[in-house]
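The structure that follows is given in the form of C-alpha cells.
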Amino acid sequence: MNTTHPPASRPHDAAVVELLKADPDFATEYLAAALDEANQPGGQVALLAALRHVAEAQGMAAVAERAGMPRETLYRALGPKGNPTIKTLLAVLGAAGLHLALTRQDRAHA
C-alpha cells in the first residue's frame, strides 16, 4: 500500500505567501515590521523579501502590470541582490494597495 504523507514542514517563503493570501490585511503589519528593521544587518534584504512575498501572494504578473513594469523587472528589483529605486518601490507598494507612512521616532530610542 502506497500512502503519501504531507511534508512535515514547508519552506518559509511558501508559508508566508500562504498566510498573506489567506489574510491580505496582514501585509501591512508584515511590511511595517520589515521596514522597522531595515537598518539592522540583513534588514534591507529582508524588506525586499517581505515585499516580494506580498507581490507573490497577489500574483507577480498582476502586481507588475499594475506597477507598470515587466514581471522580470519586478523579480529582479525584489530579488536578494535587488536595489529598487524609490520610484520602483513606490510603484510596487501602490500596485499592492499599500503606501508608505511616516511617524516621528521616539527620541529615547534614537
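Worth saying up front: this structure is predicted, and the values here are computed from it rather than measured.
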**OP:** Check whether any side-chain heavy atom of Leu93 lies under 4.5 Å from a side-chain heavy atom of His99, and answer yes or no.
**Re:**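 Side-chain contact under 4.5 Å: no.
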**OP:** Would you kindly confirm whether Phe26 and Val17 end up in one hydrophobic cluster when ILVMFWY residues are joined by side chain heavy atoms under 4.5 Å apart?
**Re:**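 No.
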**OP:** Could you tell me whether a side-chain N or O of Arg52 sits under 3.5 Å from a main-chain N or O of Leu78, the two making a donor and an acceptor?
**Re:** yes
Subject >> Verdict with reasoning, Val63 to Val54, per side chain to side chain contact (heavy atoms under 4.5 Å, CB included) >> reply: CA-CA 9 Å; Val63 171; Val54 170; over 6 Å; no
Original post:
If you look at every heavy atom in Ala34 and Ala50, which pair is closest and at what distance?
Top reply: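 What the structure gives for the nearest pair is CB-CB, 3.8 Å.
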Subject >> Shortest non-hydrogen contact between Leu20 and Ala57, atoms and distance >> reply: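 Heavy-atom minimum between the residues: CB-CB, 3.5 Å.
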Subject >> Connected via hydrophobic side-chain network under 4.5 Å: Leu98 and Met60 >> reply: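 They do share one cluster, since a chain of ILVMFWY contacts under 4.5 Å joins Leu98 to Met60.
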Original post:
Does the side chain of Arg76 come within less than 4.5 Å of Lys81's, by heavy atoms?
Top reply: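 Sidechains of Arg76 and Lys81: no contact.
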Subject >> Exercise: identify the closest heavy-atom pair between Gly82 and Pro84 >> reply: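 So the two residues come closest at C-CD, 3.7 Å.
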Subject >> Minimum side-chain heavy-atom gap Leu89-Leu51 below 4.5 Å >> reply: yes
Original post:
Taking side chain as C-beta onward, heavy atoms only, is Glu65 less than 4.5 Å from Pro70?
Top reply: no
Subject >> Val16 side chain near Tyr30 side chain, heavy-atom distance below 4.5 Å >> reply: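 The answer is yes, as the side chains (C-beta and beyond) meet within the 4.5 Å cut-off.
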**OP:** Report the C-alpha distance between Leu19 and His53 in whole Å, list the side-chain angles of each, state the deciding distance to 0.1 Å, and finish with yes or no for side chain to side chain contact (heavy atoms under 4.5 Å, CB included).
**Re:** CA-CA 10 Å; Leu19 284 171; His53 292 151; over 6 Å; no
Original post:
About how many Å separate CD of Gln44 and CG of Asn83, when rounded to the nearest 0.5 Å?
Top reply: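 Between atom CG of Asn83 and atom CD of Gln44 there are 7.5 Å.
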Subject >> Over all atoms of both residues, closest heavy-atom pair of Ala67 and Ala91 >> reply: CB-O, 3.7 Å
Subject >> Results of ring pair (Phe, Tyr, Trp, His ring centres under 6.0 Å) for Tyr75 - residues two or more places apart only >> reply: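 Listed in chain order: nothing, the list is empty.
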Original post:
How about Glu56 and Lys21: do any of their side-chain heavy atoms sit closer than 4.5 Å?
Top reply: no
**OP:** Check whether Leu35 and Val45 end up in the same hydrophobic cluster, where Ile, Leu, Val, Met, Phe, Trp and Tyr are linked by side-chain heavy atoms less than 4.5 Å apart.
**Re:**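 Shared cluster, no.
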